[in-house]
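What follows is a short report on a single structure.
Everything quoted here is computed from the prediction, not taken from an experiment. Quick note on labels: first sequence line is chain A, next is B, and so on, each numbered from 1.
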Amino acid sequence: MKKPDRHLITSALPYANGPIHIGHLAGVYVPSDIYTRYLRIKGEDVISICGSDEHGVPITLKARKEGVTPQEIVDYYHALNKKSFEDFGIEFDIYSRTSNKIHYETASEFFSTLYNRGEFIEKSSEQYYDTEAECFLADRYIIGTCPHCGHNAAYGDQCENCGTSLSPTDLIKPRSTVSGTKPVMKETKHWYLPLDKYQGWLRKWILEDHKEWKTNVYGQCKSWLDHGLQPRAVSRDLDWGVPVPVSGAEGKVLYVWFDAPIGYISATRELTDDWEKYWKDPGTRMIHFIGKDNIVFHCIIFPAMLKAEGSYILPDNVPANEFLNLENDKISTSRNWAVWLHEYLEEFPGEQDVLRYTLCASAPETKDNDFTWKEFQARNNNELVAILGNFVNRTLILTGNYFDGEVPPLSGTDEYDREVLAEIGVLKDKVASALDAFRFREALKEAMNLARLGNKYLADTEPWIVIKNDREKVKTILNIALQITANLTIILDPFLPFSVKKLRECLNINVIQWDNAGRDDLLSPGHKINKPGLLFRKIEDEEVEKQVNKLMETKKQNEEAPKEAEPVKENIAFDDFTKMDIRTATIIDATRVPKTKKLLELTLDTGIDRRTVVAGIAEYFDPSTIKGKKITVLVNLEPRKIKGIISQGMILMAEEDDGNLVFISPTDETKNGSRIR
RNA sequence: GGCGAGAUAGCUCAGAUGGUUAGAGCGCAGGAUUCAUAAUCCUGAGGUCCCGGGUUCAAUUCCCGGUCUCGCUACCA
């Protein structure tokens, strides 16, 4: 492979509606930072780009809920996250944001270029419109009754109660969250990027030219390509975002998926006037660091955009990671189930490297992985303290004790000495080839093996015994141990920048470039080292217990008050109630509806007749166990065809907080068809 | 339901274009050692390589079918 002239590293733009947590770090920012630092210490031309993604509906919703403007929301999280990254040692060359003027300009220009060239399709469709607020309603702005679970505040894209994904037209009794009124369907025009047009070259570019991409990435792309790509809307009716730069497009903005990746470009423009060199010169190698939820955008959609524009380079690789769980549970911002970066930085001051190390050592590279505080403690105490910190400490202390802190000369090596010295170079190459292939866990393990090698070397040569009758030999031994230590400052630099900085101070040396790793003369004889300080401290049981308790407390709170009390629906007239004909009934037969996950076809004896009802309860009940069950049923619901079966009525179910469903059954013996009122 | 990824030692993961005893780190057990934050070093125990078929002289590896986990997607009360 030809060596690139320069590197452009991008890290997924974090969405500015919440703080950064360990899942973000392990999946995206720790690997991207390690990779960037690796290239830097190799002396490569590299820039690392990131910033806040500040548009999109969720931010407008959060703003509305908190009674502030979207700008205030993004200002808050942008500042918080920017500072957290800085404090954590994630060294972006720029951490920009998509509400910047330069981003508006860049995104508008990008759109206009494609627009003028006729790359978009214009299409009109009917969408919900709020006549009072005079605006179109994004899916999330519409709430109504969930057709699945009856939850009366389901969003137009998803019901948060039962997790079902919806479209706004599915909602029963939709209402606008803007004005509270009932929205009407109205025609609106949008622009679409015809992804299908790029299907051919995407297929070749990914499936043939990039077989080296990670299997999860490659497989996901193949799946999309095999399904066939569809045109995708690039605009939305919303007032928060980059306005569509076309006359007659008032009240329309660029869809956030279109504007966000352009954020990489605008951030680069903000960073340097030379930005085109990084984005348009084929000598640049672009790498996107992302999580698995972003694969399709970075491997298919953004490249299609860049290709359509024509003057940009395409990514060379997209090393997407899987997800990180926390103490056996999915990380969730809304459930507060996370280790937040800004909190970690406060609670473990000066210990950035411990988290960097843990997250890298068990990064979700090939499959989802679990973070536990116990493992965090073990990694710190058994590896950072016991292997790395300890080796460095004993070397420096021995040098202090025997040679008054001066590097002794290498005075004659035996075969074992030479083997050990040679091994340094071997390990360096292993670290490099692992990093080149984005295998960060393996790279870190090999880097730590250098410290292991040091410990073994000291144990085998026993300078504390040799000193008694062969001082010359001890000079050689400690020289070698010190050379290993100096090599550690190079090889560990990308992973543990804070500790390596401390170590350099102890050794009284400056940054040494990567290519020098493997050498046995990094420290010259007579060089004075400083008094050693400990690189890492042990983390006590109480500290991790405290963290676990904090999580347990969160869990408890979630269980006790898992939901906001559901608002009581608006009052209805007694007549409305009497319109409903609810009866007791018995389930006579139940079978699964083929090719569905949730549906059961029930045959009921309602006392009036026998009828068929389709119910979405298959996930909770085995058909064979509910036959003969006494239940209640709404019998005069308008019949509806579901999966080709006419459903005549609706079973009444109580839904518990965890989504579990319970039949509403009479507690005493009741004749089928008894009316409920 | 469709698609993608995964399933290997108590835990986290490597690995083999099929071929003697399947590896590493941590944890565990025993030993050595004391320069070092009781830290290190050595040795050892631990695996029906998810299950069932098939191909083969030989399968944990290839093929077919299934189970479970995660994700995307569809259908949907």
Notebook entry, point to check: Does Lys292(A) make a cation-pi contact with Phe323(A), if we ask for NZ or CZ under 6.0 Å from the ring centre and within 45° of the axis?
Noted result: yes

Checklist line | RNA chain B: 5'-proximal contact among Lys468(A) and Glu322(A) (nearest heavy atom) | finding: Glu322(A)

Next item on the list: Report the C-alpha separation of Asn479(A) and Gln483(A) in whole Å, then their side-chain angles, then the decisive distance to 0.1 Å, and conclude whether the side-chain hydrogen bond (donor to acceptor under 3.5 Å, both in side chains) test is met.
Entry: CA-CA 6 Å; Asn479(A) 180 286; Gln483(A) 303 301 349; 3.2 Å; yes

Next item on the list: Report the relative orientation of the aromatic rings in Tyr255(A) and Trp257(A); use parallel for angles under 30°, tilted for 30 to 60°, perpendicular for over 60°.
Entry: tilted

Check: Among residues 295-304 of chain A, which residues get a heavy atom nearer than 4.0 Å to RNA chain B?
Finding: none

Next item on the list: Kindly compute the distance separating CD1 (Ile631(A)) from OG1 (Thr584(A)), expressed to the nearest 0.5 Å.
Entry: 9.0 Å

Next item on the list: Look at all strands and tell whether Leu535(A) reaches a base, only sugar-phosphate, or nothing, counting heavy atoms closer than 4.0 Å.
Entry: base

Notebook entry, point to check: Tell me, for nucleotides 6-17 of chain B in 5' to 3' order, what letter each nucleotide earns: B for a base near a protein heavy atom under 4.0 Å, S for only sugar-phosphate near one, - for neither?
Noted result: SS----SSS---

Notebook entry, point to check: Dot-bracket for RNA chain B, 5' to 3', with Watson-Crick and G-U pairs under 3.5 Å, [ ] for crossing pairs and | for other-strand pairs: what is it?
Noted result: (((((((..((((.....[...)))).(((((.......))))).....(((((..]....))))))))))))....

Next item on the list: Return the 5'-most residue of the pair Val385(A), Lys222(A) with respect to RNA chain B, ranking by each residue's nearest nucleotide.
Entry: Lys222(A)

Notebook entry, point to check: When you look at Ile484(A) and Val420(A), which way does the side-chain contact (heavy atoms from CB on, under 4.5 Å) test go after all the steps?
Noted result: CA-CA 9 Å; Ile484(A) 291 176; Val420(A) 168; 4.0 Å; yes

Next item on the list: Could I get the full list of side chain to side chain donor-acceptor pair (under 3.5 Å) partners for Glu543(A), not counting sequence neighbours?
Entry: Arg537(A)

Check: Taking atom types as modelled, is there a side-chain donor on Arg452(A) or Asn449(A) under 3.5 Å from an acceptor on the other?
Finding: yes

Next item on the list: May I have the step-by-step check of ring pair (Phe, Tyr, Trp, His ring centres under 6.0 Å) for Tyr357(A) and Phe536(A), ending in yes or no?
Entry: CA-CA 12 Å; Tyr357(A) 182 84; Phe536(A) 304 98; 8.0 Å; no

Note to self: Parallel, tilted or perpendicular, judged at 30° and 60°: which one describes the rings of His298(A) and His288(A)?
What the structure shows: perpendicular

Margin query: Between Lys475(A) and Glu472(A), is the salt bridge (charged side-chain N to carboxylate O under 4.0 Å, His left out) condition met? List the steps.
Written below: CA-CA 5 Å; Lys475(A) 286 181 181 171; Glu472(A) 284 305 300; 3.0 Å; yes

Check: Among U37(B), G71(B), C35(B), which nucleotide sits nearest the side chain of Tyr402(A)?
Finding: C35(B)

Check: Looking at the side chain of Leu398(A), which of U40(B), C35(B), U37(B) is the nearest nucleotide?
Finding: C35(B)

Next item on the list: In sequence, state the C-alpha distance, the side-chain angles, and the governing distance for Val544(A) and Lys374(A), and then conclude on side-chain contact (heavy atoms from CB on, under 4.5 Å).
Entry: CA-CA 7 Å; Val544(A) 296; Lys374(A) 193 161 164 276; over 6 Å; no

Next item on the list: Using the C1' atom as the reference point in each nucleotide, state the distance between A22(B) and U48(B) in Å, no decimals.
Entry: 14 Å

Notebook entry, point to check: Any idea how Trp213(A) and Trp205(A) line up, ring-wise: parallel (<30°), tilted (30 to 60°), or perpendicular (>60°)?
Noted result: perpendicular

Notebook entry, point to check: Can Asp609(A) and Val635(A) be said to form a side-chain contact (heavy atoms from CB on, under 4.5 Å), step by step?
Noted result: CA-CA 10 Å; Asp609(A) 55 15; Val635(A) 291; over 6 Å; no

Notebook entry, point to check: Counting side-chain heavy atoms from C-beta on, which of A39(B), G71(B), C35(B) comes nearest to Asn390(A)?
Noted result: A39(B)

Note to self: If the threshold is 4.0 Å, N to carboxylate O, is there a salt bridge linking Asp368(A) and Lys330(A)?
What the structure shows: no

Checklist line | Integer angstrom distance from the P of C63(B) to that of U17(B) | finding: 14 Å

Notebook entry, point to check: Of the residues in residues 451-462 of chain A, which ones touch RNA chain B at a heavy-atom distance under 4.0 Å?
Noted result: Arg452(A), Asn455(A), Lys456(A), Ala459(A)

Next item on the list: Decide, yes or no, whether a salt bridge links Lys445(A) with Glu442(A) under the criterion of side-chain N to carboxylate O below 4.0 Å.
Entry: no

Next item on the list: Can you tell me, in whole Å, how much space there is between the C1' of A77(B) and that of U69(B)?
Entry: 27 Å

Notebook entry, point to check: Counting only side-chain N and O atoms of Lys538(A), is one of them less than 4.0 Å from OP1 or OP2 of A39(B)?
Noted result: yes

Next item on the list: Look at all strands and tell whether Phe536(A) reaches a base, only sugar-phosphate, or nothing, counting heavy atoms closer than 4.0 Å.
Entry: base

Next item on the list: Look at all strands and tell whether Ile397(A) reaches a base, only sugar-phosphate, or nothing, counting heavy atoms closer than 4.0 Å.
Entry: sugar-phosphate

Notebook entry, point to check: With a 3.5 Å cut-off and no angle check, do the side chains of Lys214(A) and Asn321(A) form a donor-acceptor pair?
Noted result: yes

Check: Is the Phe440(A) ring parallel, tilted or perpendicular to the Phe438(A) ring (thresholds 30°, 60°)?
Finding: tilted

What's touching nucleotides 27-31 of chain B from the protein side, N or O pairs under 3.5 Å?
from	atom 1	to	atom 2	distance (Å)
G27(B)	OP1	Asn382(A)	OD1	3.3
G27(B)	OP1	Asn382(A)	ND2	3.0

Check: Syn or anti for G44(B), taking syn as within 90° of 0?
Finding: anti

Notebook entry, point to check: Among the nucleotides U37(B), U33(B), C70(B), which one has an atom lying closest to any side-chain atom of Trp464(A)?
Noted result: U33(B)

